[in-house]
Engineer: 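First, the structure itself, so that you have it in front of you.
Note that ligands are numbered from 1 as they come in the structure, with each ligand's atoms numbered from 1 the same way. Because only heavy atoms are used, hydrogens play no part in the values below, and waters and symmetry mates are left out as well, while side chains stay in.
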Amino acid sequence: MERTLAIIKPDAVRRRLTGRILARIEEAGFQIRAMRLVQLTRTEAEGFYAVHRGKPFFPGLTEFMSSGPAVVLVLEAPGAIGRWRELMGATDPSKAAEGTLRREYGTSIGENATHGSDAPETAAFEIGYFFPGVELARAGGVG
Ligand code: ATP
Ligand code: MG
């Protein structure tokens, strides 16, 4: 079993796509292990995306990620990190494959509806950023 950190980004929450995206997550066979609605401050968004600090899109990215509520989730499945990235599709919605979430719900490379961890180390950091260990351990104990 593997866990990944998923985010339904502020653009998708604003457009009331949360329920549809959650349905896609469950239909794809992921177990939801934790879930919160968060309104990130600019500083919290900068901390989350710290690996991108210094890149030209960093200011726009962190402004967008702190522009409204987002849904953060821990998803569990065999190969969850790769499988969630596959379901999301390419970063740029116009390049994402047919049937992927970003193709369907993203509107630009900046406003691309969802986030997913890209490796086991980043998943561990990102899950810890939003969910204390004790909360996750409890979630793991049910179903
Ligand atoms: P995410 O980390 O959000 O799951 P990703 O792993 O597909 O997306 P990254 O390279 O980690 O892509 O970039 C993080 C986010 O920064 C992207 O989701 C996108 O919203 C934004 N981003 C990346 N590249 C650009 C760009 N060239 N112009 C504008 N925004 C960008
Ligand atoms: Mg990334």
Engineer: Which atom pair, heavy atoms only, marks the closest approach of H115 to W84?
Structural biologist: O-NE1, 2.9 Å

Engineer: Got an N/O contact under 3.5 Å between F57 and ligand 1?
Structural biologist: no

Engineer: Would you say the side-chain atoms of Q31 pair up with the backbone N or O of L75, donor to acceptor, closer than 3.5 Å?
Structural biologist: no

Engineer: What atoms of ligand 1 come within less than 4.0 Å of a heavy atom belonging to N112?
Structural biologist: 17 (C), 18 (O), 19 (C), 20 (O)

Engineer: Of the choices M65, E126, H115, M88, which has the non-hydrogen atom that lies closest to atom 2 (O) of ligand 1?
Structural biologist: H115

Engineer: For ligand 1, is any non-hydrogen atom under 4.0 Å from R85's backbone (N, CA, C, O), its side chain (CB onward), both, or neither?
Structural biologist: side chain

Engineer: What protein heavy atom sits nearest atom 15 (C) of ligand 1, and how far off is it?
Structural biologist: L61 CD1, 3.8 Å

Engineer: Heavy-atom contact under 4.0 Å between D118 and ligand 1?
Structural biologist: no

Engineer: Could you see which bit of H52 sits under 4.0 Å from ligand 1, with heavy atoms only: side chain, backbone, both or neither?
Structural biologist: side chain

Engineer: In this structure, does ligand 1 have an atom that sits under 4.0 Å from one of the heavy atoms of K9?
Structural biologist: yes

Engineer: On a heavy-atom basis, which atom in R3 and which in I127 lie closest, and how many Å separate them?
Structural biologist: CB-CD1, 3.9 Å

Engineer: Just going by heavy-atom distances, which of T114, T122, T91 is nearest to atom 17 (C) of ligand 1?
Structural biologist: T91

Engineer: How close do L61 and H52 get, counting heavy atoms only, and between which atoms?
Structural biologist: CD2-CD2, 4.3 Å

Engineer: Using a 4.0 Å heavy-atom cut-off, say whether R102 meets ligand 1 through its side chain, its backbone, both or neither.
Structural biologist: side chain

Engineer: Going by the rule ring pair (Phe, Tyr, Trp, His ring centres under 6.0 Å), which residues pair with F130 if we only count those two or more places apart in sequence or in a different chain?
Structural biologist: F48

Engineer: Ligand 1 versus Y49, non-hydrogen atoms closer than 4.0 Å: side chain, backbone, both, neither?
Structural biologist: side chain

Engineer: Indicate the atoms forming the closest heavy-atom contact of M65 with A45, along with that distance.
Structural biologist: CB-CB, 4.1 Å

Engineer: If you count the atoms of ligand 1 from 1 in the order shown, which ones are under 4.0 Å from a heavy atom of G116?
Structural biologist: 4 (O)

Engineer: Ion pair present between R24 and E104, side-chain N to carboxylate O less than 4.0 angstrom?
Structural biologist: yes

Engineer: So, are E98 and R103 salt-bridged, with charged N and O less than 4.0 Å apart?
Structural biologist: yes

Engineer: May I ask you to check if ligand 1 and I109 share an N or O to N or O distance below 3.5 Å?
Structural biologist: yes

Engineer: Can you find an N/O atom of G110 closer than 3.5 Å to an N/O atom of ligand 1?
Structural biologist: yes

Engineer: Of the non-hydrogen atoms in T91 and R102, which two are nearest, and what is the gap between them?
Structural biologist: CA-NH1, 3.4 Å

